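Keep in mind that this is a model prediction, so the values were computed, not measured.
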Amino acid sequence: MTDDANTIIRRLGALFVESLHIEVPSADTDLFETGILDSLQLVELLVQLEQRFGFKIKIDDIDLDDLRTLAGIAGLVAARTAGAGTQTAQLLSLETRHAAANQEGNHPGLRHRGTEPWTGELQLPSRSAR
């Protein structure tokens, strides 16, 4: 395995622990067959991959075999992030931004529909728009 692949697998291991509260025994453990990952956690995993690694996953592009193991997920991440510079530099940059956003309680790019960014205040339509 390359250094980039090992770096991605380490980042994925941290993602599983931090976001899904799951400790994956090894990079080759089948997450579905062992029952480690259920359907709701799979959805959360896809959201976390998009946020942390900066790419979108179309539902039509999902191949469950790519998501069975940390090694498979690392291959998917590497393929999706390979276009812009080295994978390691990208991952470190994204992880740094993600960590900074979490420390500040800030989630750039995330906004609930109908709220003002950063304030959480509900934005109601004006009377003329009703």
Side-chain angles (χ1 to χ4, degrees):
M1 224 178 274
T2 67
D3 287 341
D4 283 345
N6 287 327
T7 299
I8 294 170
I9 288 172
R10 279 194 308 276
R11 301 280 184 217
L12 289 170
L15 179 152
F16 270 80
V17 169
E18 294 166 10
S19 298
L20 303 172
H21 310 290
I22 297 171
E23 184 78 35
V24 179
S26 75
D28 295 323
T29 299
D30 189 315
L31 302 170
F32 301 126
E33 196 171 289
T34 58
I36 291 175
L37 198 63
D38 65 26
S39 59
L40 291 176
Q41 292 164 323
L42 176 61
V43 172
E44 179 61 24
L45 171 63
L46 295 172
V47 168
Q48 289 297 321
L49 289 173
E50 288 183 347
Q51 289 177 353
R52 291 194 185 199
F53 295 102
F55 62 85
K56 295 288 181 196
I57 301 173
K58 294 180 184 175
I59 206 77
D60 295 337
D61 294 342
I62 295 175
D63 183 353
L64 287 180
D65 287 337
D66 291 337
L67 302 171
R68 284 193 174 282
T69 65
L70 288 183
I73 298 168
L76 174 71
V77 169
R80 298 287 178 113
T81 59
T86 69
Q87 295 164 12
T88 304
Q90 269 189 315
L91 292 174
L92 293 175
S93 172
L94 288 169
E95 281 296 311
T96 302
R97 287 195 325 240
H98 179 76
N102 279 342
Q103 284 178 347
E104 295 170 9
N106 228 353
H107 298 284
L110 294 182
R111 189 171 83 165
H112 293 288
R113 210 165 115 190
T115 61
E116 283 294 312
W118 318 118
T119 66
E121 295 175 15
L122 186 58
Q123 197 178 31
L124 297 174
S126 66
R127 289 190 184 270
S128 61
R130 290 184 196 169

Interatomic distance, Gln51 atom CD to Gln48 atom CD [nearest 0.5 angstrom]: 5.0 Å

Heavy-atom side-chain proximity of Ile36 to Pro25 below 4.5 angstrom: yes

From CZ (Arg11) to CD1 (Ile8), nearest 0.5 Å: 10.0 Å

Shortest non-hydrogen separation from Ala5 to Ala74 and the atoms involved: O-CB, 4.4 Å

Between CZ on residue Arg80 and CG on residue Asp61, distance to nearest 0.5 Å: 5.5 Å

Same apolar cluster: Ile59 and Phe32, side chain cutoff 4.5 Å: yes

Sole residue of Ile57, Ile62, Leu31 in side-chain contact (heavy atoms from CB on, under 4.5 Å) with Leu67: Ile62

Test item: Phe53 and Leu12 side chains (from C-beta on) under 4.5 Å apart, heavy atoms: yes

Whether Gln41 side chain and Asp38 backbone form a donor-acceptor pair below 3.5 Å: yes

Leu64 and Leu42, any side-chain heavy atoms less than 4.5 Å apart: yes

Validation row: Leu45, Leu15 side chains within 4.5 angstrom (heavy atoms): yes

Heavy-atom check, side chain of Leu37 versus side chain of Leu20, under 4.5 Å: yes

CZ-CG distance between Arg68 and Asp28, expressed to the nearest 0.5 angstrom: 13.5 Å

Shortest non-hydrogen contact from Ser26 toward Thr29: OG-OG1, 2.9 Å

Distance-minimising heavy-atom pair for Ala27 and Thr69: O-CB, 3.3 Å

Cluster link Phe55 to Leu70, ILVMFWY, side chain under 4.5 Å: yes

